[in-house]
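Heads up: the structure comes next, in structure tokens.
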Amino acid sequence: MSDTSDTTSRPIRVRMAPSPTGPLHIGTARTSLYNYLFARHVGGTYVLRIEDTDTARSTAEFERDIIDNLHWLGISWDEGPQVAGGEDIGPYRPYRQSQRMDRYAREAERLVASGHAYHCWCTPEELEAVRAEQAERKEAPRYNGRCLRLTDAEREAFAREGREPVVRLKVPPETIRFDDLIRGEVEFDNALLGDFVIVRANGVPLYHFVVVVDDEAMEITHVIRGEDHLSNTPKHIALIRALGYAEPRFAHIPLILNPDRSKMSKRKSQTAITAYREQGYLPETMVNFLAFLGWSPGTEEEIFTLDQLAERFDVAAVHKGGAVFDSDRLDYLNGVYIRALTDEQLALRLRPFLPDALDDATVLRVVPLVKERLVRLNDVGELVAFLVETDAEVEGLYAAGDLLPKKRDAAETAGAVTAARDALQSLADADFSADVLEARCRQAAEEMGWKAGDFFRPLRLAVTGRSVSPPLFGSMELLGRERVLARLDAALGKLTAERVTSA
RNA sequence: GCCCCCAUCGUCUAGAGGCCUAGGACGCCACCCUUUCAAGGUGGAGAUCACCGGUUCGAAUCCGGUUGGGGGCACCA
């Protein structure tokens with residue numbers, strides 16, 4: 001390594017470089033997280049750069065999704081756009097590649113002038129033909145260098161035709177070696193690479209080129225990215241050398257996998273962070289879960305906040321092998337985090353997932369009933385639906401037969417519901433509390449010689465319309481005396497009708 | 001096809017030569033608790049550390065090969 005490639009003495013700077021061609025992806029989120037944890041751990045600077053050179057696929061909407069969800073995860077950065085469409089912060093502005101085109105053009109020209117790059121007029125059809133031939137001969141598909149050997153007359157002829165050339169890097173046939181922070185020494189033979197395109201015919205530069213130009217321009221010292229870029233690294237190093245840049249340290253983190261162990265994809269898995277957010281996964285769950293996909297502190301501890309992760313994180317300890325995204329484990333972790341919340345905190349988080357019809361005071365009363373039953377915040381809707389549904393809707397949810405406990409007929413069940421009704425009716429509104437309700441109902445059950453569980457079944461169904469519900473008496477308390485009585489009456493009506501029809 | 005990377009229970013992982021008759025967690029099963037469902041508690045099944053061969057007194061840990069898996073080879077990022 002030459003002196004120019006020594007990055008150890010420079011202040012540490014890392015970046016995340018999402019492309020706004022889709023919503024924030026699980027993999028991008030995890031890469032961003034690792035970069036963040038690394039930067040925080042070593043006290044470095046963290047940069048957000050928007051890679052929007054693919055103008056056809058990049059949108060402002062995706063940029064917003066990415067930035068918003070990064071914030072949602074609790075990941076912050078020192079430089080770059082802080083809000084979608086907002087002003088860039090930092091000494092290396094702008095941080096959107098679409099606004100840095102002049103620099104890329106300049107650097108491309110410099111490469112051509114120095115003989116490190118050249119124009120190529122081959123058409124897509126011609127290139128395709130070459131590739132097909134190579135495939136035939138079972139060779140690696142790569143550019144055959146035809147335009148490198150063009151005479152000046154031929155170049156002028158192409159130019160006169162009005163054909164716009166692409167720019168290709170002249171890749172020296174040399175062995176590229178680098179010391180990956182995670183994988184150790186990695187070696188490639190660049191003779192196998194072929195001269196790749198760095199600027200399109202329309203003048204728009206390509207990813208491999210702009211990434212290298214910007215990493216230098218922004219003085220990035222450590223490039224932490226997905227393993228899918230490992231084989232692209234020799235290209236980047238070839239570019240770095242041609243441009244005379246300093247070589248950053250590389251760290252290639254393992255891929256997140258579909259259950260079939262292929263690279264996690266939209267096709268086979270839910271990959272958008274937004275989707276998890278909308279279902280009610282907590283950001284602290286996602287962070288904790290993502291951090292452990294490919295890394296662990298080396299102990300048996302597994303619950304960590306973002307700050308604790310930053311304190312413990314060590315890139316060198318990141319695994320080499322890919323990790324399957326296990327949604328069962330994600331669900332479990334979310335439950336752990338939900339249960340760790342105070343009632344007040346959970347009420348706040350639940351608010352967006354609850355109908356407006358429920359006022360904040362009610363939501364706070366709902367929380368203790370649902371807290372340990374939630375996997376995702378989103379699940380709360382079904383749990384408390386009986387509170388917002390009308391009595392008629394609830395009644396429509398079950399049939400008379402559903403009310404009957406095992407080995408009890410309609411007449412017996414009607415008797416039990418009547419007993420419960422009678423026991424509750426005399427209660428003042430103020431006494432309509434879970435404790436009192438439970439005591440009354442248990443007493444009624446005992447007097448009739450019913451098992452409590454059997455006795456509660458028709459009541460649960462009548463009150464909530466469901467055989468699975470939050471705790472019965474808490475639910476009754478929330479619903480209030482009037483509505484409970486009305487629903488009990490409705491159940492009674494069904495049971496009576498059942499007796500008539502079956503008689 | 002070529003190049004590169006990887007390999008511990010189904011899954012996430014602990015393990016950096018003797019502490020491993022391989023530990024934890026999720027999931028699964030059973031039991032307990034219990035008004036349903038959860039949550040919680042207890043216990044259990046589950047990995048000849050992919051395979052083969054070395055190095056070593058000793059290997060999941062080091063080396064080589066094999067197999068398997070994955071990724072990359074665009075005028076996408």
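Residue numbers begin at 1 in each chain, while the letters A, B, ... track the order of the sequences.
Not counting sequence neighbours, the partners of A:Trp77 by the ring-ring contact (aromatic ring centres under 6.0 Å, His included) test are A:His71.
Each of A:Phe353, A:Tyr276, A:Tyr337, A:Tyr332 was evaluated against A:Tyr281; a single residue qualifies, A:Tyr276, per the ring pair (Phe, Tyr, Trp, His ring centres under 6.0 Å) test. Paired with A:Glu227 under the rule salt bridge (charged side-chain N to carboxylate O under 4.0 Å, His left out), one option of A:Arg183, A:Lys320, A:Lys263 passes, and it is A:Arg183.
Residue contacts shown for A:Pro471 include a base, since a base heavy atom lies under 4.0 Å away. Contacts of A:Asp54 with the nucleic acid, taken as non-hydrogen atoms under 4.0 Å apart, involve only primed sugar atoms and P, OP1 or OP2. At a threshold of 4.0 angstrom between heavy atoms, the contacts of A:Glu187 are confined to the sugar-phosphate backbone, with no base atom among them. Residue A:Leu330 is classed as having no contact, given no heavy-atom separation below 4.0 Å to the nucleic acid.
Residue A:Glu51 places its side chain closer to B:A77 than to any other of B:A77, B:C12, B:C3.
Nucleotides B:U48 and B:A39 place their C1' atoms 38 Å apart, quoted to the nearest Å.
In this structure, the CZ atom of A:Arg177 is 17 Å from the P atom of B:C3, given to the nearest Å. Rounded to whole Å, atom C1' of B:U34 lies 11 Å from atom CZ of A:Arg460. Taking atom CG of residue A:Leu206 and atom P of nucleotide B:C76, one finds them 5 Å apart after rounding to whole Å. B:C73 atom C1' lies 13 Å from atom CZ of A:Arg168, rounded to whole Å.
Summarising the local packing, CD of A:Glu61 is surrounded by 12 or fewer heavy atoms from other residues, nucleotides or ligands at distances under 6.0 Å.
With hydrogens and angles left out, the side-chain atoms of A:Gln279 and A:Gln270 include a donor and acceptor closer than 3.5 Å. Residues A:Ser262 and A:Asp260 bring a donor and an acceptor atom of their side chains to less than 3.5 Å of each other.
Where A:Ile182 and A:Pro470 each meet RNA chain B at their nearest nucleotide, the meeting point lying more 5' is that of A:Ile182. Comparing A:Cys120 and A:Gly453, the nucleotide of RNA chain B nearest to each residue sits closer to the 5' end for A:Gly453.
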Enumerate the protein-to-nucleotides 27-33 of chain B contacts in which both atoms are nitrogen or oxygen and the separation is below 3.5 Å.
none

Quick one: which protein N/O atoms are closer than 3.5 Å to N/O atoms of nucleotides 67-71 of chain B? Pair and distance per line, please.
unit_1, atom_1, unit_2, atom_2, d
B:G71, OP1, A:Lys263, N, 3.0
B:G71, N2, A:Ser231, OG, 3.2

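In summary, the aromatic rings of A:Phe313 and A:Tyr34 are positioned with their centroids under 6.0 Å apart.
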